[in-house]
Amino acid sequence: MARYNPSEIEPRWQSYWEQHRTFATDDLTTSDLKNGAQKSYILDMFPYPSGDGLHVGHPEGYTATDIVARYRRACGIKVLHPMGFDAFGLPAEEHAIKTGVHPRIKTEQNIAEFVRQLKMLGFSYDWDRVVSTTDEDYFRWTQWIFLVLYDTWFDAEQNKGRPIDELSIPASIAAKGDDAVEQYRDSKRLAFEAHALVNWCPGLGTVLANEEVQNGVSERDGHPVKRLPLRQWMLRITAYGDRLLEGLDDLDWPTGIKKLQQDWIGRSTGAEVDFYVGDEANYADWKAVRAKAGFPETEMDADGSAVSDQQSLRVYTTRPDTLFGATYMVVSPEHPLVDVLTTAAQSEQVNQYRETASFKSDRDRTDGGKVKTGVFTGSHAINPVTGKPIPVWVADYVLAGYGTGAIMAVPAHDERDFEFAKQFDLDVIPVVDPPADHEDRDAILDGQVCFVAQGLAINSGQFDGKTTDEVKEAVTLWLDKDGIGKSAVNFKLRDWLFSRQRFWGEPFPILHEVDADGKLTGRKRAVPLEQLPVTLPDLEDFKPHGRPEPPLAKADDDWLYVQLDGKRYIRETNTMPQWAGSCWYFLRYIDPKNDQHLVDPEKEKAWMPVDLYVGGAEHAVLHLLYSRFWHKVLYDRGHVSTPEPFGRLVNQGMILGAPQYHLSPAAFSGAKASLAAMGYAGVPVGEDEKASVILVHAKDNSDLRDDQIEKRKGKSFVAGTDIEVLAKADKMSKSRGNVVNPDDIVREYGADSLRLYEMFMGPLEATKPWAMEGVGGVRNFLDRVWRLVVDHRSDEGALSSALTDDDCDEEQNRVLHQTIKKVTEDTEGMSFNTAIARMMEFTNHFSKSEKRPRSAIKNFLILLSPYAPHIAEELWRKLGETDTIAHAPWPKFDEAALVQSSIEVPVQINGKIKAKINVSPEISKDELAAVALGDDRVKQLIDGKTIVKQIVVPGRLVNLVVK
RNA sequence: GCCGAAGUGGCGGAAUUGGCAGACGCGCUGGAUUCAAAAUCCAGUUCCCGCAAGGGAGUGAGGGUUCGAGUCCCUCCUUCGGUACCA
């Protein structure tokens with residue numbers, strides 16, 4: 001058979017690469033780099049090995065990186081291009097609960113399937129470096145890094161993490177004894193324990209991840225989810241807020257992703273202000289004390305909430321300039337001072353309100369109807385600048401976890417406060433005068449409309465007439481001097497809740513001391529490093545035990561209890577979240593088998609940072625932020641050499657299903673009968689406003705074809721009817737029936753076609769719909785490439801008789817070198833779609849040639865090889881080469897071959913193209929103008945008119961402006 | 001609501017960044033080859049008027065800058081993605 005047959009050649013080359021270890025990573029040391037070697041670490045976001053196998057979205061990014069990796073190798077650059085699996089996670093555990101099969105078994109099966117599919121696509125990974133986050137050899141080091149976090153405190157002065165034993169202990173604490181010292185240390189560690197709310201689902205008897213809770217009910221069975229406080233491990237990512245923000249500046253990342261991270265970190269500047277809430281009679285005394293002693297530091301409790309002096313209520317505001325307009329205050333329902341503030345008369349109402357709020361999830365509180373609720377505490381605070389008493393309310397529009405959990409409300413200049421004030425009829429005092437031309441100025445000054453922008457101060461005593469910025473500064477200074485306020489910085493970023501009450505995750509390497517009666521003493525210690533990893537216990541079954549403790553608590557005492565240095569300990573039973581393993585996997589690829597270090601420092605220095613990181617935008621914030629955080633801690637502690645892990649980041653766009661014909665549910669029910677008569681049925685998808693019905697053939701649920709739709713006046717209708725439909729491409733999903741399986745594509749068209757098609761669809765970053773005809777299109781191209789070399793009519797696979805050892809003619813040479821140039825530039829710029837288009841043009845040109853010089857074809861095959869490696873290898877071999885094409889050096893283009901003896905230049909008259917002239921490419925400006933004016937058609941058109949202006953751009957165009 | 005990305009033929013998309021709009025592919029039309037088909041090859045294919053030569057319009061809408069705008073500026077519309085009271 002002489003036909004192009006990918007199902008025969010692809011597996012053959014895949015096993016060739018595997019046997020010859022063609023893509024084993026080159027050795028690389030820092031001295032190689034000093035001697036001029038170039039390196040490139042090309043990384044894919046590793047997949048979660050789901051039971052569904054690979055979908056077509058995976059190969060998109062993987063093909064892109066594979067092309068770059070193969071291209072750079074061909075350019076002589078040392079390449080590290082690994083793959084692995086992010087294999088901890090819920091689905092395997094759910095599967096285990098259902099079937100009793102250990103998650104490890106299911107996970108290994110899934111990984112094996114992923115590996116099969118990845119190999120089937122011919123990616124040039126170094127398979128010797130595969131890691132899985134679930135391997136004990138791997139998570140040993142995840143636990144090790146956790147212990148680094150546990151052993152680190154953040155020195156705000158040096159702005160870096162330091163070993164905990166370098167933390168100086170205040171004398172007052174040292175005086176209280178060892179336990180106090182240890183508690184003090186614990187309160188500063190980057191990994192610390194605190195009480196936080198978990199989603200407990202009594203119906204399922206299990207704790208749920210946030211993703212599993214929707215609208216306050218369990219996503220799986222619809223049971224309501226309760227929020228329970230549980231002891232949790234937290235990571236102090238907030239300490240690195242500034243560093244994470246500043247680090248973004250030097251990264252070659254999409255600006256959109258940087259912005260998302262900036263917004264997520266959410267740094268704001270403003271002031272903290274204390275409002276006196278004590279007995280009015282003592283206000284003067286309090287002020288006097290403050291003026292003398294100054295503004296006390298905000299002290300944090302072990303769980304991160306602010307400690308108060310009980311006499312004052314501390315707020316955070318970004319608009320200290322509006323302090324004169326603060327007409328009431330609000331504290332969050334969880335605020336520690338609520339009980340103190342609530343008067344006896346109000347206590348029933350307040351308690352009830354807090355109770356209701358405690359059942360609401362964060363989502364419930366913030367989602368849905370924006371109607372604000374709240375209760376008056378009965379107390380008043382004193383506005384420090386006006387000296388007037390203002391009421392203090394409890395309301396859940398103030399979040400406990402941000403700022404101080406309390407606000408001064410300035411309804412005239414804050415939308416939320418304004419809304420609340422209108423609802424509860426509270427005072428609105430404008431203190432910022434909008435610009436005179438503001439359309440609502442009168443209403444704003446009358447307190448009828450809220451104004452949040454900047455202006456000039458009014459109703460603000462000595463500050464009247466100053467600008468917002470001036471007042472901000474002046475008020476903050478004034479408060480500072482009186483010891484009742486201070487400038488402050490806040491982050492939206494919260495500390496990272498790091499523990500999960502699940503089985504299938506990394507166990508924490510932490511031991512809690514127990515006394516002789518088995519009671520916790522409150523003391524804990526790290527598992528000694530040489531005892532890592534802490535492996536998961538063998539459990540009989542994985543069913544939830546009905547209590548909100550982690551499943552590991554069900555383990556045998558053998559696992560659970562540890563004797564160490566004469567003391568008895570119980571193991572930590574929480575497990576780490578799925579993010580943990582993915583925070584550092586790129587380091588392990590560099591040295592995957594090292595059992596002494598997480599990564600050999602010399603190798604780490606040679607390969608880091610990652611030069612190209614490709615993955616979906618869904619990880620824009622969390623994964624990338626968490627990774628950067630861990631990396632900075634490892635950097636501070638000297639374990640890695642770069643402050644940032646990922647130099648360049650590219651987000652691949654989503655691949656949508658093929659367009660389908662939709663109509664609204666109402667339209668569908670109206671037309672149901674007539675559609676059924678035509679053999680059509682509807683598949684309802686989406687919910688609420690997004691609900692719609694997809695039209696399909698009733699007999700096999702297949703989508704309608706284009707010829708079953710007709711277009712009239714720009715609208716689409718079911719052919720022969722007035723039933724209007726809308727063509728729309730959606731995310732692939734089982735319910736829509738638009739999922740494309742890579743196995744099917746490889747079987748029908750071949751892996752090279754799949755790779756090529758996904759790259760040809762459009763720009764890598766764009767969202768684009770799948771079209772099966774497009775796969776046929778690139779397959780056509782590969783067939784043509786095949787016939788460039790092989791005589792497809794011969795049974796023995798003889799080479800095409802057009803092949804010759806002659807040199808290229810001038811035009812062939814130009815086409816070849818233009819192709820080399822364009823493919824090189826586009827591959828470097830990751831514009832794969834246009835590189836492929838250029839290769840198609842090459843193929844079209846040489847297909848037509850009677851004579852096809854072998855040298856040109858070979859050069860072309862090298863250009864093609866990163867894109868369609870199997871066919872390139874096969875034809876390379878057929879042309880007599882004996883080594884793999886992967887070892888062929890990337891061709892260079894010859895600038896001289898690109899120039900044409902004559903080029904066509906358009907001549908415009910008043911901006912419209914009227915003629916074209918053929919000139920030499922080197923023609924000067926004046927000559928070009930002369931040729932243009934000498935052209936017959938141009939002469940004719942400007943005859944009798946005056947040339948007002950002539951624009952001559954050599955090599956591009958001539959434009960004559962005539963009157 | 002806010003933030004981000006994007007709107008170009010029947011479809012996916014090109015366009016050296018202000019210089020020939022529609023590269024390349026799909027689809028479609030016609031032709032060659034064939035007993036016939038598949039496959040292949042050749043030609044055509046933005047729309048409108050015209051037999052043609054040619055003319056006119058045209059990159060979501062409207063305005064502007066410019067000799068010249070898909071590209072820059074202003075206003076608006078639509079779609080997709082993200083986000084959700086962060087004081």
Side-chain angles (χ1 to χ4, degrees), chain A residues 3 254-257 259-260 263-264 266 268 270 315-319 322 330 362-363 365-368 370 372 395-399 401-410 413-417 419-420 452 490-494 617-618 620-621 653-654 656 659 706-707 709 711 727-731 756-757 760-763 765-778 780-781 783-784 787 792-793 822 825 831 833-841 843-844 847-848 904-913 916 948-953 955-962:
Chain A
R3 279 218 182 150
T255 49
I257 301 291
K259 179 129 199 326
L260 277 175
D263 291 350
W264 189 267
S268 69
V315 301
Y316 171 71
T317 175
T318 55
R319 290 294 297 269
T322 60
V330 184
D362 273 352
R363 274 211 98 76
R365 280 203 202 178
T366 55
D367 224 37
K370 295 261 179 184
K372 292 195 169 38
D396 66 5
Y397 82 90
V398 172
L399 305 175
Y402 183 78
T404 60
I407 61 155
M408 64 175 209
V410 186
H413 306 291
D414 182 284
E415 298 278 4
R416 298 150 300 184
D417 297 343
E419 206 182 303
F420 191 81
V452 299
N490 245 303
F491 292 93
K492 260 158 84 167
L493 182 69
R494 308 292 161 83
E618 65 272 21
V621 176
M654 208 191 326
L656 305 175
D706 290 354
D707 62 3
I709 299 296
K711 289 206 165 176
K728 203 158 75 80
D730 293 293
K731 246 186 230 184
L756 218 43
Y757 173 62
F760 189 59
M761 289 172 88
E765 298 87 345
T767 305
K768 36 207 179 268
W770 188 269
M772 214 49 100
E773 308 79 48
V775 190
V778 293
N780 249 334
F781 162 60
D783 278 322
R784 285 165 71 82
R787 290 196 300 269
H792 65 292
R793 278 172 298 240
K822 183 81 171 138
E825 287 170 357
S831 302
N833 53 335
T834 49
I836 294 166
R838 190 61 218 181
M839 290 191 273
M840 288 172 168
E841 289 184 76
T843 307
N844 291 343
S847 292
K848 284 176 196 164
E904 198 181 54
V905 173
V907 180
Q908 297 182 333
I909 291 173
N910 290 339
K912 302 216 170 192
I913 291 154
K916 292 188 177 174
V948 181
K949 193 170 182 178
Q950 58 183 43
I951 295 102
V952 183
V953 186
R956 301 217 55 88
L957 59 32
V958 176
N959 186 12
L960 304 171
V961 184
V962 299

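Lettering of chains follows the sequences in order, A, B, ..., and the numbering in each one begins at 1.
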Asker: Taking N or O atoms only and anything under 3.5 Å, show me the protein contacts with nucleotides 56-59 of chain B, one pair per line.
Answerer:
from: B/A57; atom 1: OP2; to: A/K912; atom 2: NZ; distance (Å): 3.0

Asker: Parallel, tilted or perpendicular for A/F420 and A/Y397, by the 30°/60° rule?
Answerer: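 Tilted, since the angle between the ring planes falls between 30° and 60°.
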Asker: Taking all heavy atoms of A/A771 and all of A/Y757, pick out the closest pair and write down the distance.
Answerer: N-OH, 3.0 Å
Asker: Using the C1' atom as the reference point in each nucleotide, state the distance between B/A38 and B/G50 in Å, no decimals.
Answerer: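 That atom pair is separated by 40 Å.
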Asker: If pairing requires Watson-Crick or G-U wobble contacts with both distances under 3.5 Å, which nucleotide is the partner of B/C85?
Answerer: none
Asker: Strictly by Watson-Crick or wobble contacts shorter than 3.5 Å, is anything paired with B/A36, and which nucleotide is it?
Answerer: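 Across any shown strand, B/A36 pairs with none.
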Asker: On a whole-Å scale, what distance lies between the C1' atoms belonging to B/C11 and B/G18?
Answerer: 29 Å
Asker: Toward the 5' end of RNA chain B, which comes first, A/D414 or A/M654, by nearest nucleotide?
Answerer: A/M654
Asker: Just the table, please: protein N/O against nucleotides 3-7 of chain B N/O, every pair under 3.5 Å.
Answerer:
from: B/C3; atom 1: O2'; to: A/K259; atom 2: NZ; distance (Å): 3.4

Asker: How far does the C1' atom of B/G68 sit from the matching atom of B/A21, given to the nearest Å?
Answerer: 14 Å
Asker: Taking atom P in both B/U45 and B/G25, what distance in whole Å separates the two?
Answerer: 14 Å
Asker: Quick one: look up who B/G27 pairs with, Watson-Crick or G-U, both distances under 3.5 Å, and put none if it's unpaired.
Answerer: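 Result: B/U45.
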Asker: Pick the C1' atom in B/C28 and in B/U66, then give their distance to the nearest Å.
Answerer: 40 Å
Asker: Could you tell me which residues satisfy salt bridge (Lys or Arg N to Asp or Glu O under 4.0 Å) with A/K728, sequence neighbours excluded, listed by chain and number?
Answerer: A/D730
Asker: How does protein reach along nucleotides 28-33 of chain B, written 5' to 3' as B (base within reach of a heavy atom under 4.0 Å), S (only sugar-phosphate), or - (no contact)?
Answerer: ------
Asker: Paired with B/U78: which nucleotide, if any, by Watson-Crick or G-U wobble criteria at under 3.5 Å for both distances?
Answerer: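 Result: B/A6.
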Asker: Please report the closest heavy-atom contact between A/H413 and A/V452, naming both atoms and the distance.
Answerer: O-CG1, 3.6 Å
Asker: Restricting to nitrogen or oxygen on both sides, can you table the protein-nucleotides 21-24 of chain B pairs closer than 3.5 Å?
Answerer:
from: B/A23; atom 1: O2'; to: A/E841; atom 2: OE2; distance (Å): 3.4

Asker: Return the 5'-most residue of the pair A/M761, A/T318 with respect to RNA chain B, ranking by each residue's nearest nucleotide.
Answerer: A/M761
Asker: Suppose you measure atom P in B/G13 against the same atom in B/C49; what distance do you get, rounded to whole Å?
Answerer: 30 Å
Asker: Of the nucleotides B/C85, B/C42, B/U40, which one has an atom closest to the side chain of A/R787?
Answerer: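 Nearest nucleotide to the side chain: B/U40.
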Asker: Sticking with atom P, work out how far B/U33 lies from B/A15, rounded to a whole angstrom.
Answerer: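 One P to the other, the span is 40 Å.
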Asker: If pairing requires Watson-Crick or G-U wobble contacts with both distances under 3.5 Å, which nucleotide is the partner of B/U59?
Answerer: none
Asker: Sticking with atom P, work out how far B/C48 lies from B/U83, rounded to a whole angstrom.
Answerer: 45 Å
Asker: A/Y402 has a side chain; which of B/C20, B/G19, B/A87 sits nearest to it?
Answerer: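 Out of B/C20, B/G19, B/A87, the nucleotide with an atom closest to A/Y402's side chain is B/A87.
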Asker: Can A/D783 and A/R787 be counted as an ion pair, charged N to O under 4.0 angstrom?
Answerer: no
Asker: Check side chain to side chain donor-acceptor pair (under 3.5 Å) between A/S847 and all other residues, then give those that pass, not counting sequence neighbours.
Answerer: none
Asker: Taking the minimum atom-to-atom distance to the side chain of A/R784, which one of B/C41, B/C67, B/C20 wins?
Answerer: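 The answer is B/C41.
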Asker: To the closest 0.5 Å, what do you measure between OG1 (A/T318) and CG (A/N490)?
Answerer: 10.0 Å
Asker: Under a 3.5 Å cut-off for both distances, is B/C72 Watson-Crick or wobble paired, and to whom?
Answerer: B/G64
Asker: Paired with B/A52: which nucleotide, if any, by Watson-Crick or G-U wobble criteria at under 3.5 Å for both distances?
Answerer: none
Asker: Output the single nucleotide from B/C85, B/G13, B/A87 whose closest atom is nearest the side chain of A/K372.
Answerer: B/C85
Asker: Which heavy-atom pair separates A/V958 from A/V905 by the least distance, and what is that distance?
Answerer: N-CG1, 4.2 Å
Asker: Nearest 0.5 Å please: distance from the CE atom of A/M408 over to the OG1 atom of A/T317.
Answerer: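 One finds 3.5 Å between CE of A/M408 and OG1 of A/T317.
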Asker: From the options B/A87, B/C67, B/G19, select the nucleotide whose nearest atom is closest to the side chain of A/K949.
Answerer: B/C67
